[in-house]
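Reckoned from all heavy atoms, side chains included, excluding hydrogens, waters and symmetry mates. To find a chain, count down the sequence lines: A is the first, B the second, and so on, and within it residues start at 1.
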There are 2 protein chains.
Amino acid sequence: MKPVTVYDIAREANVSVATVSRVLNNTAPVKASTRERIMGLIQKHQFQPNALARSLIKKETGMIGIILPDITNPFFPEVLAGLEQEARNNGYTFFLCDTGSSNQDIKAQYQRESQYLNILMEKQVDGIIMIGGRIDLARCSKEMAKEVAEVNKRLPVVLINGNLPGAKFHRVIIDEVAGGVLATEHLIGLGHTDIAFIGGYKQMSNTVQRLEGYTKAMQQAGLQIREDWIITGGFTVEAGKVFMNQLLGGETENRPTAIVCANDLSAIGAIKAAVKHGLRVPEDMSIIGFDDIPLAANVIPELTTISLKCLELGRTAAHILHQLIGKNGIDTLTVLQPELVVRESTAPLRVGISISAAGNVSSQG
Amino acid sequence: MKPVTVYDIAREANVSVATVSRVLNNTAPVKASTRERIMGLIQKHQFQPNALARSLIKKETGMIGIILPDITNPFFPEVLAGLEQEARNNGYTFFLCDTGSSNQDIKAQYQRESQYLNILMEKQVDGIIMIGGRIDLARCSKEMAKEVAEVNKRLPVVLINGNLPGAKFHRVIIDEVAGGVLATEHLIGLGHTDIAFIGGYKQMSNTVQRLEGYTKAMQQAGLQIREDWIITGGFTVEAGKVFMNQLLGGETENRPTAIVCANDLSAIGAIKAAVKHGLRVPEDMSIIGFDDIPLAANVIPELTTISLKCLELGRTAAHILHQLIGKNGIDTLTVLQPELVVRESTAPLRVGISISAAGNVSSQG
DNA sequence: CTGAAAGCGCTAACAT
DNA sequence: ATGTTAGCGCTTTCAG
């Protein structure tokens with residue numbers, strides 16, 4: 001059965017397509033009686049206007065694209081939820097573009113970003129939101145950055161928690177440095193002085209910034225920063241385990257008593273590895289994460305962490321994009337402040353015990 | 001700057017739009033020299049064909065819609081990843097339609113499902129995938145079911161892990177009953193006889209079926225099923241805690257030694273509650289989950305669970321949908337088999353200890 | 001191998 | 001208040 005069109009409705013109602021269109025869009029007054037008649041037919045035939053045809057002429061589709069690296073990483077669904085919430089209210093629909101960073105080489109991922117950028121433009125989306133991927137790079141290549149800049153000339157693009165060189169973008173970001181400071185000062189406040197930093201990637205700006213916050217807080221407190229206590233190379237649970245093992249691998253009488261992790265996932269890995277080493281968290285070792293994914297509240301022990309306000313990040317981005325669409329807004333930068341969420345994985349330093357006693361336990365047992 | 005069209009290219013290349021279209025789609029032989037000339041112009045102007053116009057006439061959009069209840073529940077991103085993987089290879093793009101079950105009343109959720117169903121049709125998607133929501137209902141209302149049936153007449157719909165009365169649908173499901181049996185038999189195999197079942201909703205078919213598997217395995221082993229040891233009412237971590245507290249609330253000398261949970265999240269809640277009660281998992285209490293979300297491998301202790309093969313579920317659904325699009329395939333039913341994943345949260349029954357000793361500890365301390 | 005022309009389903013002037 | 005008509009940007013016969 002072929003779909004019914006405005007023409008079918010018009011014919012049966014003895015009116016012109018224009019009139020049908022008018023009742024459809026409430027774009028001009030229509031006599032009550034004919035309006036009713038048309039409405040009836042619409043009901044009767046379950047008529048649904050073809051959004052493609054409509055968009056073709058109106059030059060707006062009510063669709064926005066979101067490009068992200070890995071939907072499987074719980075951080076992203078959280079900001080997605082925020083996006084959805086806000087965008088739904090404004091009548092937008094979402095293209096989800098997962099570039100699948102998890103199981104591919106990094107080159108393929110960036111390629112897929114480019115690919116999606118093109119597809120989205122062809123599909124005439126009203127705007128694009130990017131999060132993760134190339135925009136997280138501390139030094140993104142000129143070409144990759146330019147590509148996005150070109151897109152940004154044609155339609156609004158907003159970057160979440162990232163940036164690209166060579167052009168101004170609309171962005172909504174969290175103050176990562178402040179987050180790093182917050183986390184580190186929390187630990188310092190608990191009496192810790194031997195504090196390590198693990199997780200993330202040195203090439204990524206978020207890691208660099210979190211690390212910068214860590215460094216800043218340490219220096220401000222007059223504490224020593226040991227290069228071998230800063231280990232990066234991954235955001236996963238697995239990576240967290242590896243880093244922690246590395247930290248605990250050497251002479252155990254000389255290990256940190258507290259750890260700032262670049263994200264929650266690696267913090268969880270760190271906890272698991274610590275436990276395997278016979279250490280108790282937080283009694284023998286304090287661990288703080290970054291992100292505040294839902295999971296953070298559900299592991300045992302519950303994770304103390306820095307909330308990145310994922311939901312708010314998403315909502316704000318959607319809001320800004322909505323403002324931008326249609327209007328030629330100027331470049332926008334919104335900075336959200338992170339928040340310390342104290343739960344169970346951090347505790348005051350237990351003087352005299354932490355390093356020798358607990359450390360030895362782990363090395364002997 | 002207004003977008004360039006095939007006409008612009010045609011004019012500059014001194015050919016007709018037909019020829020441009022031909023090189024764009026490789027739909028007829030074009031002289032090499034003119035082809036090159038056109039390709040050059042396309043490059044030069046960064047020309048991108050308008051997918052709306054193209055779809056309008058070709059009657060296919062390369063878009064498919066996925067309607068799900070809550071992207072924030074880690075089960076769904078997992079199947080989404082599977083969908084994406086498969087669909088991307090076939091050139092599809094995704095509409096993500098989150099009906100936001102998490103923070104709204106249930107009525108609103110179903111309403112939003114209807115709404116999205118309509119939007120997706122208007123946008124002319126090539127197919128729709130549904131998971132969760134109304135299709136999980138053990139007894140879905142006639143109207144809600146019919147609505148989907150109507151959609152299914154116009155374009156392919158595939159249901160993941162659910163069903164709707166009154167019509168045949170293409171479905172890909174996991175054998176939930178088998179999963180329930182698997183979980184329960186695992187516990188029985190470890191020597192447990194006092195086994196409870198918690199989590200899920202009695203109104204949802206997945207819960208009913210998992211429970212059916214539990215019952216079946218218990219009866220087959222000649223074990224008694226206590227009505228007060230079957231508690232339903234939620235899938236969240238919070239719900240799991242509540243149920244476990246309820247189980248442990250009464251006389252502690254009379255508590256189960258093992259628990260089948262309706263999903264991983266509630267299992268995690270159960271573990272947390274048990275630990276709060278002074279019980280050790282798995283030493284004093286074995287707990288098994290359902291789903292095998294990534295998180296399951298990352299909690300402490302790592303969760304023994306029933307894998308629902310989320311990724312495969314997603315991939316299969318996308319594959320089937322692809323087959324269906326264009327062709328008038330007959331109704332399809334694919335059943336995947338669940339799998340037991342043994343990790344750390346289950347252990348052999350410790351005779352004589354589990355009930356009295358551990359139970360008393362919890363009641364006294 | 002290439003061009004002219006007729007739509008796809010809808011909206012928006014411009015008439016009446 | 002309603003009808004006529006010209007497109008939106010593309011594909012696709014049908015002719016050459």
Where each residue is assigned the nucleotide of DNA chain D containing its nearest heavy atom, which of A/Asn14 and A/Tyr7 is assigned the position nearer the 5′ end?
A/Asn14
Consider the side chain of B/Lys59, meaning its heavy atoms from C-beta on, and name the nucleotide among D/dT11, C/dT2, C/dC8 that approaches it most closely.
C/dC8
Using the benzene-type ring in the case of Trp, are the ring centres of B/Phe95 and A/Phe95 under 6.0 Å apart?
yes
Can you figure out which of C/dC10, C/dA4, D/dT11 approaches the side chain of B/Asn25 most closely?
D/dT11
From CG of A/Leu56 over to P of C/dG7, roughly how many Å is that when rounded to an integer?
17 Å
Sort out for me which residue in A/Lys142, A/Arg154, A/Arg134 forms a salt bridge (Lys or Arg N to Asp or Glu O under 4.0 Å) with A/Glu147.
A/Arg134
Using whole Å, what does the distance between atom P of nucleotide D/dG3 and atom CZ of A/Arg11 come to?
14 Å
Under 4.0 angstrom, heavy atoms only, what part of the nucleic acid is B/Asp8 near: base, sugar-phosphate, or nothing?
nothing
Side chain of B/Lys58 - closest among C/dG3, D/dT11, D/dC10
D/dT11
Report yes if some heavy atom in the side chain of B/Glu143 is under 4.5 Å from a heavy atom in the side chain of B/Tyr110; otherwise report no.
no
With respect to the side chain of B/Asn50, which nucleotide from D/dG9, D/dT5, D/dT2 is positioned closest?
D/dG9
Nearest to side-chain heavy atoms of B/Ala18, which nucleotide of D/dT12, C/dT2, D/dT4:
D/dT12
Rounded to whole Å, CG of A/Asn26 lies from C1' of C/dC10 at a distance of 17 Å
Can you find a heavy atom in the side chain of B/Val148 that is under 4.5 Å from one in the side chain of B/Phe169?
yes
Under 4.0 Å, counting only non-hydrogen atoms across every strand here, what does B/Val20 touch: a base, just sugar-phosphate, or nothing?
nothing
Listed nucleotide nearest any side-chain atom of B/Ser16, set D/dC8, C/dG3, D/dC10:
C/dG3
Please tell me which of the listed nucleotides, D/dT11, D/dT12, D/dG3, lies nearest to the side chain of B/Arg54?
D/dT11
Whole-Å distance, A/Phe47 CZ to C/dG9 C1', equals 8 Å
I want to confirm an ordering. Mapping B/Arg22 and B/Ile57 to their closest nucleotides on DNA chain C, which one lands closer to the 5' end?
B/Arg22
Closest to side chain of B/Val17, choosing from C/dA13, D/dT11, D/dT13:
D/dT11
D/dT2 P sits how many Å from A/Glu36 CD, rounded?
12 Å
Ignoring hydrogens, what is the shortest heavy-atom contact between A/Met63 and A/Tyr92? Give both atom names and the distance.
N-CD2, 4.3 Å
Sugar-phosphate only, base, or nothing, as touched by A/Thr5 at under 4.0 Å among non-hydrogen atoms
sugar-phosphate
Value in whole Å for how far the P atom of C/dC1 lies from CZ of B/Arg35
10 Å
Between A/Pro49 and B/Thr19, the residue closer to the 5' end of DNA chain C by nearest nucleotide is B/Thr19
Distance check needed: D/dC10 P versus B/Ile9 CD1, whole Å only.
9 Å
Below 4.5 Å, heavy atoms only, C-beta onward: do B/Leu24 and B/Phe47 meet side chain to side chain?
yes
With a 4.0 Å cut-off on heavy atoms, is B/Thr34 in touch with a base, just the backbone sugar-phosphate, or nothing at all?
sugar-phosphate
Tell me the interatomic distance from B/Glu60, atom CD, to D/dC10, atom P, rounded to whole angstroms.
17 Å
Distance below 4.0 Å between B/Ser21 side-chain N/O and D/dT12 OP1 or OP2
no
